[in-house]
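Everything on this sheet refers to the single structure shown next.
In this text, all values refer to a predicted model and were calculated from it rather than measured experimentally.
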Amino acid sequence: MSLRTQLRKILPSISVTEQEALDAGDVWLEGSIYQGKPDFSALRAVPDATLSAEEQAFLDGPVVELLEMIDDFDIQNGKHLPDNVLTFLKKNKFFSLIIPKSYGGLAFSPYANSTIVATIAVKSSAVAVTVMVPNSLGPGELLMHYGTDAQRDYWLPKLAIGNDIPCFALTSPEAGSDAGGIPDIGVVTYGDYQGEKVLGLSVTWDKRYITLAPIATVLGLAFKVQDPEALLGGAHDLGITCALIPKSHPGVQLGNRHDPMGIRFYNGTTRGENVFIPMDFIIGGQQNIGRGWQMLVSCLGAGRGISLPALGVSVSQAAFKSSAEYAAVREQFGLSIGKFEGIQQKLADIAGKTYLQEAMRVLTTEGLGLGLKPSVVTAIAKYHMTEIGRDVLNSAMDIQAGKAIQCGPQNTLASGYVAQPIAITVEGANILTRNLMIFGQGVMRCHPHLQAMVEAIHSEAPDADRTFNGIFAKTLGYSISNSLRAFKLGLLPMLAQQDSRLPEVAVYEKAVNKLAAKLAVYADFSLLVLGGKLKQAEMLSARLGDVMSFLYAAMASIRYYESKVLDANRAEAAPYFHYATRWALAEAEKAMLDFLDNFPSAPTRQLMKFITLTYSANMPKISDDLVRELAQAAQMNTKIKAQLTHLIRPVEGDGNDINEQAYLAKMECLDLLARVKIALRKKVFRAGVRFSDTLDAALSAGVINPTEHQQLVSYNHKRELAIRVDEFDFDMNLLTPNVPKASAAA
């Protein structure tokens, strides 16, 4: 019995759904990481993401105007998005960021798309999601790539100007993450359409969690097609298919709503029972019956790589800016809380991870901007950037404490805190993304021979044995090469390659290369020992996926630090870069060690440790000194901090504006405050009960002059506003203005 025959009995075949997922999308930087040789040359060759003049004008014009219109507290306490906001979105083509200009769209870059969505999300999650959905997975993108000329000519101009609002329905009560198991059925049959008897489909569906469904005018729908009477002359089961159905079409049910965490974007259900649609409603026409899953998977990049990561970055930047400003302004025990090491530890973590988030956002959208559809990279971005966003928000809530939990217009965290689980849940739970998708797709897409080997194992071709033997020989040589490289780098780590022009980057580039070399060995042994069982060993495969993910994050950090955008303020960026890169590398190494500790075969575990010379953690550590340095830098008004919070555009009178005004006022009078505190310590005058009384005493003692006194009084007024929270009367009616009596005259 040949080896191929033996393996055929052991290894499960790849299903049609899995094969379509594997065939869709491109392999990018993740391929070189998996194979143990991270391609830093390709990384550095990626063109820098920049906004065109038109894109910048859109951000400075319609986006700013939109932010000024939005009262998110009012939205969250109402039932619907305001009509004037929806009208403004339609009029200014917020729903057509990805639609080509030839159809009336804006055709913005992925980087611009991400920046616009994230900027809106800082102000209102509900409005951001409303903008996000038509510009990610949905009818617009599917039509652009797969629609007929007639379908594109008819629908895209309407979608571009908001005459039609799209939604896309995939998730069913019986099938969420398992899209291949959807029970919704379309049966090939003849029916009446516009007075004629035509060939079409009788479709029955029950969908939930569909964003924009309650206000949609056109429904994108995924369902399985069956042809029991062989009217198309083929098989009975024809596969998943996508159709576009007007809401006005007889039998379409749209309008009921869900309530996702109280965030007032439109999300709901759609149903239909034996609804007849003509073949022309199928996206791409009758020839695309059964191609729906391939179409959907190939178009997931916008949602996974742009929109959802943008939400993660937006909450990180909002958390960073508000926490840094609060830590600088809020005082306890006579010191700003940012001087306490407990706060510094949280603040440094927020700052470093916000840097990493922005670096990953930029790199991922740069890849998409090249025209690539890297399925593994976008899954990495979706999972880790939404999870890091949640992590950063939790730290920000700890720092801001009582201020963070009191709802009202002045709260800059509450909306994002409540909405972040939605970003984590959309397009499949993050558990699925981490445990099944990242390494599950990566092992088949990134291994140079595995997919061809599996196809050869299950092939019925007469020369299948010979084909398999050739592929197997290549695979064996590949694995031996991986082991030799990992052993060499373990024994002589100084031989790890690095080509950066910046000396401080060298240690990290070498570390990425060393860890990737180990990853390649562990992946090879996992396939060899576990084979088809690796698919069920979710915790093991998830850890290997984590290694890939964090090495991609480290490469993004390096790429961002080396980019031209930091040429003028690289020194300021250094502590952010060191923290972010060390954290990513430490997380990659931790996942690797956990994988080894839990590998089920003890002999194989010991062999892997010996080949890679891995017995303990040795990546660069985040020291207490680095934490202090970054926490202090995070509280300074620097260009790098402005760059890492550029998505926040304060609107006069909102929470971000109140915080920023107090913070900037303090930065302007640091020397004066230091002089007052020195005089207090020397007992030149006595402190008052209130800080305003202390300032009056300092003026009387001649420590400050009248002009300086007025500057400090102004700062104190802004400070008091910033540390206070919104108040309501007994019936929860907002009280405004929220001005402390002691400062009312300031």
Side-chain angles (χ1 to χ4, degrees), residues 15-17 20-21 129-130 133-134 136-139 142 164-189 191-193 200-228 236-261 263 265-283 288-297 299-300 303 421-422 425-429 431-432:
S15 68
V16 173
T17 302
E20 288 179 343
V129 171
T130 303
V133 170
S136 55
L137 176 62
L142 290 168
D164 277 302
I165 302 296
C167 68
F168 191 85
L170 176 63
T171 303
S172 300
E174 299 295 336
S177 298
D178 179 16
I182 58 175
D184 312 288
I185 298 295
V187 178
V188 180
T189 185
D192 293 326
Y193 179 67
L201 302 165
S202 177
V203 189
T204 297
W205 72 91
D206 180 7
K207 305 285 192 179
R208 64 178 179 178
Y209 307 155
I210 313 306
T211 300
L212 296 189
I215 61 169
T217 61
V218 57
L219 167 68
L221 185 68
F223 53 90
K224 289 181 176 177
V225 172
Q226 296 179 348
D227 187 10
H236 178 279
D237 297 308
L238 301 181
I240 296 174
T241 300
C242 297
L244 202 58
I245 310 173
K247 178 184 179 181
S248 58
H249 191 71
V252 175
Q253 299 176 39
L254 282 170
N256 290 345
R257 293 178 67 177
H258 299 306
D259 183 6
M261 300 296 288
I263 302 298
F265 66 92
Y266 293 102
N267 184 267
T269 64
T270 175
R271 299 179 177 91
E273 187 76 26
N274 296 321
V275 176
F276 179 79
I277 64 171
M279 290 295 183
D280 287 347
F281 281 16
I282 297 171
I283 296 177
N288 276 357
I289 288 178
R291 295 187 63 205
W293 184 238
Q294 178 187 353
M295 293 160 58
L296 290 169
V297 172
C299 290
L300 281 173
I422 300 172
T425 301
V426 173
E427 286 194 18
I431 292 174
L432 168 81

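The two atoms that bring Phe168 and Pro139 nearest to each other are CB-CD, 4.1 Å, heavy atoms only. Nearest heavy atom pair, residue Val252 against residue Lys247, reads CB-O, 3.7 Å. Nearest heavy-atom pair across Pro214 and Arg257 is CG-CG, 3.5 Å. Trp205 and Ile245 get closest at one heavy-atom pair: CH2-CD1, 4.5 Å. Residues Pro166 and Ala216 come closest through the heavy atom pair C-CB, 4.2 Å. The shortest heavy-atom contact between Gly251 and Val275 is O-CG2, 3.5 Å.
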> Which is it for Phe265 and Ile422 under the side-chain contact (heavy atoms from CB on, under 4.5 Å) test, yes or no, and what are the steps along the way?
Replying inline: CA-CA 11 Å; Phe265 66 92; Ile422 300 172; 3.8 Å; yes
>> I'd like to know whether Ile277 forms a side-chain contact (heavy atoms from CB on, under 4.5 Å) with Val203, so could you lay out the CA-CA distance, the side-chain angles of the two residues, the decisive distance to 0.1 Å, and finally the verdict.
In response: CA-CA 7 Å; Ile277 64 171; Val203 189; 4.0 Å; yes
> Between Leu221 and Phe281, does a side-chain contact (heavy atoms from CB on, under 4.5 Å) hold up when you go through it step by step?
Replying inline: CA-CA 10 Å; Leu221 185 68; Phe281 281 16; over 6 Å; no
>> One pair to check against side-chain contact (heavy atoms from CB on, under 4.5 Å): Asp237 and Lys224. What are the steps and the verdict?
In response: CA-CA 8 Å; Asp237 297 308; Lys224 289 181 176 177; over 6 Å; no
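With Lys207 contributing its side chain and Ala222 its backbone, the two residues share a donor-acceptor pair below 3.5 Å. Looking only at distances, a side-chain donor or acceptor of His258 sits under 3.5 Å from a matching main-chain atom of Tyr209. In this structure, Asp184 contributes its side chain and Asp206 its backbone to a donor-acceptor pair below 3.5 Å. Put simply, the side chain of Thr270 gets close to the backbone of Gln253: a donor and an acceptor are under 3.5 Å apart. With hydrogens and angles disregarded, a donor-acceptor distance shorter than 3.5 Å links the side chain of Thr204 to the backbone of Asn274. At distances below 3.5 Å, at least one donor-acceptor pair connects side-chain atoms of Asn288 with backbone N or O atoms of Ile283.
Classification of the Tyr193-His249 ring pair by plane angle, with boundaries at 30° and 60°, yields tilted.
If you take CG on Leu170 and CH2 on Trp293, they are separated by 6.5 Å, rounding to the nearest 0.5 Å. Note that CG of Leu254 is 14.0 Å distant from OH of Tyr266, once rounded to the nearest 0.5 Å. Ile210 contributes atom CD1, which lies 8.5 Å from atom OG1 of Thr269 (distance to the nearest 0.5 angstrom). Here the CD1-OG1 distance, from Ile431 to Thr425, works out to 9.5 Å after rounding to the nearest 0.5 Å. Put simply, CD on Gln294 and SG on Cys242 are 11.0 Å apart, with the number rounded to the nearest 0.5 Å. Separating the CD atom in Gln226 from the OG1 atom in Thr189 is a distance of 12.5 Å, to the nearest 0.5 Å.
Within the 4.5 Å cutoff, no side-chain heavy atoms of Thr211 are placed close to those of Cys167.
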